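What follows is one structure encoded as structure tokens, with my remarks underneath.
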Amino acid sequence: MDLDRDLNPQQREAVFHEGGPLLVLAGAGSGKTRVLTYRIARLVGRTGLAPYRILAITFTNKAADEMRGRIRQLVGEASREMWTGTFHSICARLLRQHGDLVGIERSFVIYDETDQLRLVKNCIRNLGLSDSQVRPAAVLALIDRAKNQGLEPPAGVLMPTGSRREEIEAVLRAYRDSLRQAGALDFGDLILFAHQLLREHPAVLARLRDRFRAILVDEYQDTNRAQHLFLKTLVPEGGDLCVVGDDDQSIYRWRGAEVENLLRFEKDFPGARILVLEQNYRSTANILRAAESVARGNPERHPKSLWTANDAGEKVTYLEAGTPDDEARAVAREIRSLVPARGFSFRDVAVLFRTNAQSRAFEESFLLFQIPYALVGTTRFYERTEIKDLTAYLRFLYNPKDSVSLQRILNRPARGIGKTTEEALVRLAAERGVSLWEGMEQAVTEPGLVSATAARRIREVVGTLVALRERAAAAPSLVKLLEDVLDRSGYSSFLESLPDKERRVENVEELLRTASAFEETQESTSLSETLGAFLEKVALVSEADQYSEKANVVTLMTLHCAKGLEFEIVFLVGMEDGLLPHQRSSLDAAGLAEERRLCYVGMTRARRKLYLTRARLRTRYGERQEAVPSPFLLDIPAELLETEQQRIETWPAAEPRRARRQPAATAAESGVHFDFSESQIDLPALPGVPAAGRRQTYRVGDRIEHEDLGRGIVRKVEGGGEKEKITVQFEHGGIRKLMARLSPIRKIER
DNA sequence: TTATAATTGTTTTTT
DNA sequence: ACAATTATAA
Ligand SMILES: Nc1ncnc2c1ncn2[C@@H]1O[C@H](COP(=O)(O)OP(=O)(O)OP(=O)(O)O)[C@@H](O)[C@H]1O
């Protein structure tokens, strides 16, 4: 790291800026993250600030670790003193230390979305309502929205018009009370209570302000209002706050992020300096131009003039394949031709998609083509049933009031406690205002609360858990504790009895390894402390944390996960209308704009070569449909694209029906022996193919230009010959149905 | 209470 | 199409 040589003048200005808040607002690949890292290096190396006086907030834990790693090279072990992490992990840390001041016990647990939903459902039931009267997911959305804005339900909740106002409010109150009862915080609470702590306890605030002389935040465009307000309270007037972000890369609006935090930074932090970085160092000129032309499609954006000194590079390849399987194979074949023949390694390649469901086709084709890959994100490790079960045991042992965890393990393994008993217990606890655990204790001591059989079985569970708790108190280590849980709860034998036990046991072993590794890094004194820290880490892992550039494998991940990363070669797959932009987001202009930004983020991950691919046919809700190219493709100037069209190769009827649940570990194992000649099917069987004599001259996806209406893309082709009709979506927004032979249109060559 | 059948919605993205 | 939830039977 060379502070003088590795930076351009604007970057240097940002790195050396002193005297108050600083916003670096800049496009993709312009070195924002580099500025943050170098700024820390400057603070430590030149200004002489001790690392423990620095707070660096990143979007993922992995980004935090990386930043710390860089600083470590500079100052060695002192870098450990620096506080880094996500907003959530930093707030959790604050609350572990000072939570008691705002009524939060030291051993609080963190509820994820599943836990939240369970709790909301309980609340609804306990109020004598049904799921269909008050939809749990809708209530949860209200709760999250309010909390993301820094409000506390039911106070800040904007009720949906009319319906069931009172009931919903009651659920909100019950939810809040149950969380407290359980000694649990949801994600939103972490920020909210940490903020409350700062507001209500000047002494704490003063200590923190005194300690943190420099605060840095990455990816500021994706912070929510609660986080912004937290920061506003934490940073003293004129304090050394440096945030970096790019409004074109704001992709978490759906989760409460407000790009306004970035755009109005100056208002909230008076005297703030705003710096702009304009040189992109990451991508070839062609890639950058293509990406910028997509981004420009959004009317509301902070104007930027991003440029690059890099070569034009290759054109962006646009590849149209037949089916999603074809798409995946085409990508695999392409990767095979690049690695190693053209000097690339597998680790240089990423396949980015909008939805996790798209990954399966790629996994299968990579197995077939023997391409090593790592799937980041999908079916999150800690959300797997057996892992959630085990961590629920741990959480209960850590905090017996955690009723959601207890409820989960009540009948896991099966102990004859069915839904009836479970509901009775949950209700009993709610009525008496006690935790589920206390409710259970009362149910076995006070006769008549539950049936005799139920009481007997509850007694058994209570016995098992009490024994476990005693063992836990004496357990020498986290791993030992987990092993105790496995053996003594009967969970081990339960796993063995399952049909897919191998996979599950493997996962459990993975958990044991993780716990063991975690324990090594911990220097806490008591097991309870280690356990708490472990549970917190488990609750706050980011999807993107799994990504590693160390392994020489192709990375498969969602566009959201790819934020902030870069790869030599990027395949942005599924470039179809309905997928990118996703149908569910395309309902309003704001949603569509976010999809566009997502596309921009994906494209700008590429350094040297970008592929945009799509399938012509895709199955949606069980039906095979003709897919329409993503409208974003229309925004890319044709001269930047190189189009490749492929015939449909794989067609379900021609494929042997093979198990598709779980891709096998190796290609050989998967039993996929693909002979392409066998699976090639003649086109006439497909929909949308012209019948003889009534030729269609247009195809869905063709680009056309209309004399008056401008450029557009063909969405639908009907009839043929003289009567051929095409439906066209024009760039200027309109959709028109035209007679192909009569209208003044022509196809645009690409 | 558990096993099976019928029905529902689900596909967005995730701290 | 498929998984997950819910109704029904045993
Ligand atoms: N002054 C510079 N000279 C050479 N390379 C640079 C310079 N600044 C940044 N880079 C390189 O450019 C690439 C992008 O930098 P960085 O990731 O910091 O950008 P960013 O603005 O955070 O990107 P994004 O917002 O797209 O995630 C990195 O590979 C980085 O090493």
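Every value quoted in this text rests on a predicted model; they were computed, and no experiment measured them. The chains referred to below are lettered A, B, ... by the order of the sequence lines, with proteins before strands, and numbering in each begins at 1. All heavy atoms count here, side chains included; hydrogens, waters and symmetry mates do not.
- With sequence neighbours left out, the salt bridge (Lys or Arg N to Asp or Glu O under 4.0 Å) criterion links A:Asp389 to A:Arg408, A:Arg412.
- By the stacking rule of 5.5 Å between ring centres and under 30° between planes, A:Trp254 stacks on the base of B:dT13.
- For B:dT13, its base sits under 3.5 Å from the side chain of A:Arg354 at one donor and acceptor pair at least.
- Applying the salt bridge (Lys or Arg N to Asp or Glu O under 4.0 Å) definition to pairs two or more places apart or across chains, none involves residues 455-464 of chain A.
- Taking every side-chain heavy atom of A:Thr86 into account, B:dT15 is the closest of B:dT15, B:dT13, B:dT12.
- The side chain of A:Ser585 approaches B:dT12 more closely than any other nucleotide in the set B:dT15, B:dT13, B:dT12.
- One finds no side-chain N or O of A:Asn224 lying less than 4.0 angstrom from the OP1 or OP2 phosphate oxygen of B:dT15.
- Between A:Asp189 and A:Arg176, no side-chain nitrogen of the basic residue sits less than 4.0 Å from a carboxylate oxygen of the acidic one, so the salt-bridge criterion is not met.
- Of all nucleotides listed (B:dT11, B:dT13, B:dT15), B:dT15 comes nearest to the side chain of A:Arg255.
- Partners of A:Asp218 by salt bridge (Lys or Arg N to Asp or Glu O under 4.0 Å), not counting sequence neighbours: none found.
- Between B:dT12 and A:Thr558, no contact under 4.0 Å exists linking OP1 or OP2 to a side-chain N or O.
- Residues satisfying the salt bridge (Lys or Arg N to Asp or Glu O under 4.0 Å) criterion with A:Glu566, sequence neighbours excluded, are A:Arg282, A:Arg607.
- Among residues two or more places apart in sequence or in another chain, the ring-ring contact (aromatic ring centres under 6.0 Å, His included) test is passed with A:Phe567 by A:Tyr547.
- Note on A:Thr355: only backbone sugar-phosphate atoms sit closer than 4.0 angstrom, heavy atoms only; bases stay farther off.
- Of the candidates B:dT13, B:dT1, B:dT12, B:dT13 carries the atom nearest the A:His560 side chain, counting heavy atoms from C-beta on.
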Can you give me the N/O atom pairs linking the protein to nucleotides 6-10 of chain C at distances under 3.5 Å, or say none if there are none?
none

